[in-house]
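As structure tokens, the structure follows; a few thoughts come after it.
Hydrogens, waters and symmetry mates are skipped; everything else that's a heavy atom, side chains included, is used. Protein chains get the first letters and strands the later ones, always in sequence-line order, with residue 1 at the start of each.
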Protein chains: 2
Amino acid sequence: MSCETETAIALRDAGQKVTPQRMLILCTVRHAREHVTAPGLIEEVRRAYPFLDPSTVYRTLSSAAALGLVSETDMGAGDTEYEWIGKDRHHHLICRSCGDVTSLDNSYLDSLATALYDELGFRADLGHFAIFGVCAPCRARSGAAAGD
Amino acid sequence: MSCETETAIALRDAGQKVTPQRMLILCTVRHAREHVTAPGLIEEVRRAYPFLDPSTVYRTLSSAAALGLVSETDMGAGDTEYEWIGKDRHHHLICRSCGDVTSLDNSYLDSLATALYDELGFRADLGHFAIFGVCAPCRARSGAAAGD
DNA sequence: CTTGCAAATGCGACCAGTTGCAGTTGCCAT
DNA sequence: ATGGCAACTGCAACTGGTCGCATTTGCAAG
């Protein structure tokens with residue numbers, strides 16, 4: 001089964017229509033080598049179909065996020081990034097000092113999800129987190145790291 | 001020491017000026033009974049000082065967040081909420097189904113912060129998280145809860 | 001008290017994202 | 001094949017937030 005078919009089925013199963021625009025948008029997200037921002041995505045899909053309206057892109061992304069197909073992550077500074085949710089979930093650590101973004105394996109949040117479920121009955125969608133802080137190199141560089 | 005004095009000292013220590021506008025904005029956030037949105041805050045401070053410009057509010061909130069005085073939390077649907085960071089940190093569980101927002105004690109994220117620090121050297125600012133998912137009542141109501 | 005400097009403000013322009021509406025179209029039933 | 005309905009699109013208006021610039025002002029030094 002091709003990835004396009006999978007996408008179409010997911011939309012149809014959710015009672016939504018499969019339109020050429022939506023397929024173009026979602027397949028572009030799916031095949032992006034890294035995270036995409038909405039403006040970047042708009043620019044890219046309009047290369048293939050110049051008449052595609054930005055509001056359609058935003059609406060499609062919003063629907064896809066609600067369906068759990070795509071993650072929406074606030075990376076700070078007003079940048080919301082989108083990524084296709086594959087089988088592997090991961091998160092990001094963002095350094096406030098140098099701006100470096102590194103990946104964080106999902107296992108770190110697994111125990112949190114388990115605790116929320118076991119103790120509170122809350123099934124958390126821990127799809128994609130951007131965790132802000134200060135990275136090890138910056139802490140070492142600032143010299144105040146000893147105070148932590 | 002009054003809370004106003006504390007706020008003034010925090011600003012001054014960070015090399016920033018203590019202006020009447022900023023004091024009004026930050027004290028309004030500090031004394032708000034619940035979270036405030038930027039538009040709501042703008043409306044409230046302009047009741048006291050109608051000439052206060054919205055860009056000043058956004059700038060002040062941004063500076064205060066960078067200083068760790070105020071938390072910025074994306075509550076979904078484009079709503080960013082601000083809250084004064086007191087001694088007790090807490091987080092929110094937001095149900096995608098019914099929209100209910102409940103508080104989550106910080107202890108749930110303490111072990112995550114510890115793991116990030118011990119294993120990766122990353123000092124996380126886990127100031128305020130909005131965790132999306134489905135709450136226990138909604139899961140029970142949907143009947144599909146057994147499949148989890 | 002005066003001066004100087006850099007942070008802050010207000011204003012208006014700009015940008016990104018949202019929303020309502022009229023028209024279009026996917027998809028299902030007949 | 002036809003009809004109906006509701007989801008979707010495109011468009012334009014709107015809202016919220018950002019940014020550059022000129023002016024103002026807090027604050028420290030003399």
Please walk me through it: do B:Leu26 and B:Leu11 pass side-chain contact (heavy atoms from CB on, under 4.5 Å)?
CA-CA 11 Å; B:Leu26 294 179; B:Leu11 290 173; 4.1 Å; yes
What is the distance from OH of B:Tyr49 to P of C:dA8, rounded to the nearest Å?
16 Å
Let me know the distance between CD1 of A:Ile42 and C1' of C:dA16, rounded to the nearest Å.
8 Å
Give the rounded distance in Å between these two atoms: CZ of A:Phe51 and C1' of C:dG23.
18 Å
Which whole-number value in Å describes the distance from B:Leu52 CG to D:dT25 C1'?
15 Å
So B:Arg22, base contact, sugar-phosphate only, or nothing? Heavy-atom distance under 4.0 Å.
sugar-phosphate
Should the pair B:His91 and B:Phe129 be assigned to parallel (<30°), tilted (30 to 60°) or perpendicular (>60°) ring geometry?
tilted
Is it true that, when you exclude A:Glu4 itself, more than 12 heavy atoms of the residues, nucleotides or ligands shown sit nearer than 6.0 Å to its CD?
yes
Interatomic distance, A:Glu72 CD vs C:dT18 C1' [rounded to whole Å]:
13 Å
Starting at atom NZ of A:Lys17, determine the distance to atom C1' of C:dC27, rounded to an integer number of angstrom.
7 Å
Any link between B:Leu116 and A:Val134 through a network of hydrophobic side chains (Ile, Leu, Val, Met, Phe, Trp, Tyr) touching at under 4.5 Å?
no
Specify the residue among A:Pro54 and B:Pro39 whose closest nucleotide of DNA chain D lies further upstream toward the 5′ end.
A:Pro54
Quick check on B:Glu6: does its CD atom have over 12 non-hydrogen neighbours (other residues, nucleotides or ligands) under 6.0 Å away?
yes
Length of the line joining A:Arg46:CZ and C:dA16:C1', which is rounded to integer Å
14 Å
Looking for any heavy atom pair under 4.0 Å, which part of the strands does A:Arg12 touch: base, sugar-phosphate only, or nothing?
sugar-phosphate
5′-ward residue of the pair A:Ile25/B:Ala38 relative to DNA chain D
A:Ile25
Is any side-chain nitrogen or oxygen of B:Gln21 closer than 4.0 Å to OP1 or OP2 of C:dG10?
yes
Tell me whether the OP1 or OP2 atom of D:dC19 has a side-chain N or O from B:Ser55 closer than 4.0 Å.
no
B:Met23 has an atom CE; how far is it from atom P of C:dA8, in whole Å?
14 Å
Side chain of B:Thr60, heavy atoms from C-beta onward: which of D:dA7, C:dT19, C:dT9 has the nearest atom to it?
C:dT9
